[in-house]
Amino acid sequence: MVKGFRPETLKEALKLRAQYDCLPIAGGTDLMVQKARGFALKPDFRKPLLFIGHLPELQRLEVINRQIHIGAGVILTDLLNSETIPDIFKEILALMASPPSRNLASIGGNICNASPAGDTLPYLYAMDAQVVLQSTDGERIIPIAGFITGPKQTDLKNSELLTKIIIPQTEFDINMYRKIGQRKGMSLTKAAFLGMANVADGKIQDIRIAFGSVAQTVVRSGKIEQSIVGKSTKDIVKNISEISRQYAALIRPIDDARSSAAYRKKVSLRLLEEFFVSNLAKVSNLRKAQSKGDIE
Amino acid sequence: MKESISKPIQRVDGPAKISGEARYIGDMHFENRLYAKTLRSTRAKARILSVKKPPLPRNYFIVGKDDVPGVNRMRTVVSDHPIFAEDTVEYIGQPILLVVGPEREKIYDIITKIKVEYEDLPALFTLEDAEKNSEVFTDYHYEKGEPQRAFGEAATIVEDEFRTGYQEHVYLEPQGMTAEFRDDTMFVYGSMQCPFYAEGALTEALGWPAERIRVIQTVTGGAFGGKEEFPSLTACQVAVAALKTGRPVTMIYDRDEDIICSTKRHPSIVRYKAALNRNQDIVALEIDVLLDAGAYNGLSPVVLQRSMFSATGVYNFPHLKVRGRNFMTNNVPSGAYRGFGAPQTIFGTEMMLHNIALKLGIDPLEYKMRHALKRGDPTCTGGKIRDIVKLPEIVKRVTQMSGYHDKRKNGQKYHGIGISLFLHGCGFTGNGEQTIGSKIILKKEGEKVILKVSSTEMGQGAETVLRKIVAYTVDIPFENVIYESVDTGKVPDSGPTVASRTTMIVGGLLQQAGLELKDRWHEADKIEVTRTYRHPDYIDWNNDTFQGDAYPTYSWGANVAEVEIDPVTYEIDVKKISAVYDVGLPIDETALRGQMQGGIVQGIGWATIEVMKTDEGRLIQKNLTDYKVPTSMDVPEVECDFINNPYEFGPFGAKCAGELPFVGSPPAVAAAVSNALGVPIRSIPITPEMLMEMDSDEN
Ligand SMILES: Cc1cc2nc3c(=O)[nH]c(=O)nc-3n(C[C@H](O)[C@H](O)[C@H](O)COP(=O)(O)OP(=O)(O)OC[C@H]3O[C@@H](n4cnc5c(N)ncnc54)[C@H](O)[C@@H]3O)c2cc1C
């Protein structure tokens, strides 16, 4: 028999978590696939399950002090329907799985599964999101990049649950997201690119760049981003091959059943260039033109 | 005047499938039944040194080669696949034995405890290796005209080579079968296309006469050829198990098991050598077809025949030399799949012409039409195109529909348009129809007519269409035509439900019988009319020399594909397919459109999405996480039209339709991609990975 606990409150859940060596399960859209043994056979659950998807404390979605607090149990469909979620994040969510899967899949599950192809991760990295980890002993709040330690690996302690994700309520003027899958829907990511930036007076004020599915974890470099901030878009476009070279050193994809390392790397760098050359340069030119009153 | 038979009615199998009332084999209950699971080879080629079995609990059994009372081979065209492996295994996934018992968990536990000791043997994994080692199952040749002389006189000689990959059927319902031994008879129930194939296989495996065997088709959730010959294997396995245990035995695959061990579309290499005259026309063609049959030949020889007889497409090349070979590799066996060998060579031939035209600076469509078959022309095997050829009308319509000429003229990089012309030989290849000699029965009982055929409904609409033919012919309400359940104990053998033959061949027989029944309607309350198929008299086929009419007639079509390639990522977006077909006359326009749309999309999948490769005999894409088929998001706009061209011997003029759309879309999409990027396309599936490499090579 597969054993399970279905607590009514988070407090109860944390108690059970402290007491038993158990496996949290939210929507189960990762777990049920990973643990499947075959038709009409019980899944391979070695530990008792702790059902948490229904817990009311994990369903909250609110803005506190210009930060979006998302309960770990919030399903992707609810994020898509929410007014507080920025459009660029919705664009990412809308390309995940399919409507029925999004009705089950939680954001906490996507994070804790820590797949290199997890689609919410590039955005959460780019936003410097923080995760709230709770246990009966208290809570810790750490950056997502510190929480995810490798492919399928996190810093989650046996007594902890991920309860919340905190994202600064910042939106960018320029946003570009591309997910490349084997087909248009219901497809895991071969490579993903996210670029976000603010430009004023032809100069880059803030920039966030993240790559998914092309290394052990999300590729984001604060160092490279910092070196770009303050530069003019023109200079950046001129300098694009140097930036590209720096990212190339960080992008270390693999060959697998879905794509090749060569394609993943090349396409990531092409998307990066596309972001600078088409999106950034174009938009900042447009801005300039607008401020001169050339365009309505 | 009655309304045209083409006017759509509601599909009879629809409501039960949509509501969930339909009972598939997995929904059926059998008293006292046992389940079975297969122990499979984990080696590509090895000698089995020993099989160590754990002690079995009560009511658990192991069923293997020594339990087969008859011949331990699955009967098909070449009966070479053992029902259970004997001394060696030849591919990963090959069945060795079954573990049978009341509880699936325990069965699984026993399976994991069986230890097979292997001695690995040298194996072959690719077509190239097999060719080098001359591991040939089948080697066929045919010629037309004087190819040698024509090549000697050629102004130019052009060579080209094309490749196509595996394709998995991904029918919604995986393979499933139950056998029950009672009343001295073996009853076999399951998801299948061809109950009489299974019956034939069972007579040999059990060594029993057909009278002691009943095969009953259960509601079948898709097949596409994947339930043509493969269910014969599982039918024999569960029957042997039912005999040994004395209890009903059910075996149902889950998706992963189904993908690993079931048949797939043959990967191919097709080589061309074309002799052009001074006008740049192709006067002679050498075609070399190589198919990867996998570890056993099975029905691959017939697949190879269709591949070879379709290799000249809609064209008349005066001189021909065609060779076809099935190669043995230690991969999972290939088998029947919608199109049956034709898609591989039609793709090659269309792209060969496309590539030559581009090289010559001629519009591919114009170049193709210069070679197009006309009525009265000889077929590639020296038969005759007897019926009116409406290819010019088809091309006119499809180019108008799509704005082909304008769009081609105003082409921009990354936006492509491409055209394919194609045909499909209707019914069995060669003398297949003559050998099978399909039988049908129509039985009048009062106001009702019972229709007895072995044609299976598998989602394609056969039941609706055949009942409609009878209702229209006898002139009785549709509801008064009863479709007898497909049970080899109740229906005659009207042949397998394959080769796009059901509407034309079986429907044709039903129409003939229906006409007789209508004439004799007032004779009695109970009347039985039967018919047996015979080819029209003019058809002459020699199966030894491959000379004559390989098919009684052909259906035709043209597709125009429009694609957009993402300039950054090289993702392929198929925007629109315009399609025009001559299938004689549509028996039900909605059912037919469904077939066309489905076939087009399945073809797009094979051409652009469905990557399946093996690594030393092991599938790399072995589940639906990695092996992708199109979803509704990937379906382009499809505009589809029909040009009527009634066939004398088809019911109401109908010809074949089921496979035709599959054949057409891959070369159209490939031509469009070629047009978008200005590169030749020589293999499918076309992936962004491949295009990025090609485009950067060009730059
Ligand atoms: C058909 C299909 C398509 C998919 N497509 C995509 C896609 O396009 N992109 C993508 O990124 N993913 C995709 N996925 C994967 C999956 O749906 C997502 O990762 C989803 O967000 C997981 O959420 P869940 O609630 O179902 O997680 P679960 O399966 O319940 O859990 C996943 C893991 O997280 C742990 N966990 C869950 N919640 C917590 C918590 N609060 N605290 C601690 N540990 C926790 C579990 O123990 C488990 O290890 C797809 C899955 C399927 C089946």
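Lettering of chains follows the sequences in order, A, B, ..., and the numbering in each one begins at 1.
For A:Q182 (side chain) and B:I609 (main-chain N/O), no donor-acceptor pair under 3.5 Å exists by modelled atom type.
When heavy atoms are compared at a cutoff of 4.5 Å, B:D615 does not approach chain A at all. Of the two parts of B:I107, neither the backbone nor the side chain holds a non-hydrogen atom closer than 4.5 Å to a non-hydrogen atom of chain A. Of the atoms belonging to A:R264, not a single heavy atom falls under 4.5 Å from chain B. Looking at B:P567, the atoms closer than 4.5 Å to chain A (heavy atoms on both sides) all sit in the backbone: N, CA, C or O.
Within a 6.0 Å sphere centred on CD of A:Q216, heavy atoms belonging to other residues, nucleotides or ligands number 12 at most. Residue B:K622 qualifies as open at atom NZ: its count of foreign heavy atoms under 6.0 Å is 12 or below.
Of the inter-residue distances, the one linking A:M186 atom CE with B:T625 atom OG1 reads 9.5 Å to the nearest 0.5 angstrom. How far CZ of A:R258 is from OG1 of B:T687: 15.0 Å, rounded to the nearest 0.5 Å. Atom OG of A:S187 is separated from atom CG of B:D626 by 10.0 Å, given to the nearest 0.5 angstrom. With rounding to the nearest 0.5 angstrom, the OG atom of A:S260 is 9.0 Å from the CE atom of B:M692. Note that CG of A:L271 is 7.5 Å distant from CG of B:D566, once rounded to the nearest 0.5 Å.
Ranked by heavy-atom pairs shorter than 4.5 Å toward chain A, the options B:R255, B:M612, B:K628 are led by B:K628. Among B:M633, B:E610, B:E105, B:R104, the residue making the largest number of heavy-atom pairs under 4.5 Å with chain A is B:E105.
With contacts defined as side-chain heavy-atom distances shorter than 4.5 Å, the pair A:E274/B:T569 does not qualify. Using a 4.5 Å cut-off on side-chain heavy atoms (C-beta onward), B:P630 and A:R183 make no contact.
Closest non-hydrogen pair, B:V568 versus A:R270, comes out as O-NE, 2.8 Å. Between B:Q621 and A:A257, the shortest heavy-atom contact is NE2-O, 2.8 Å. Minimum heavy-atom separation, A:K184 to B:D573: NZ-OD1, 2.6 Å.
With salt bridges taken as basic N to acidic carboxylate O contacts below 4.0 Å, none links A:K190 and B:E571.
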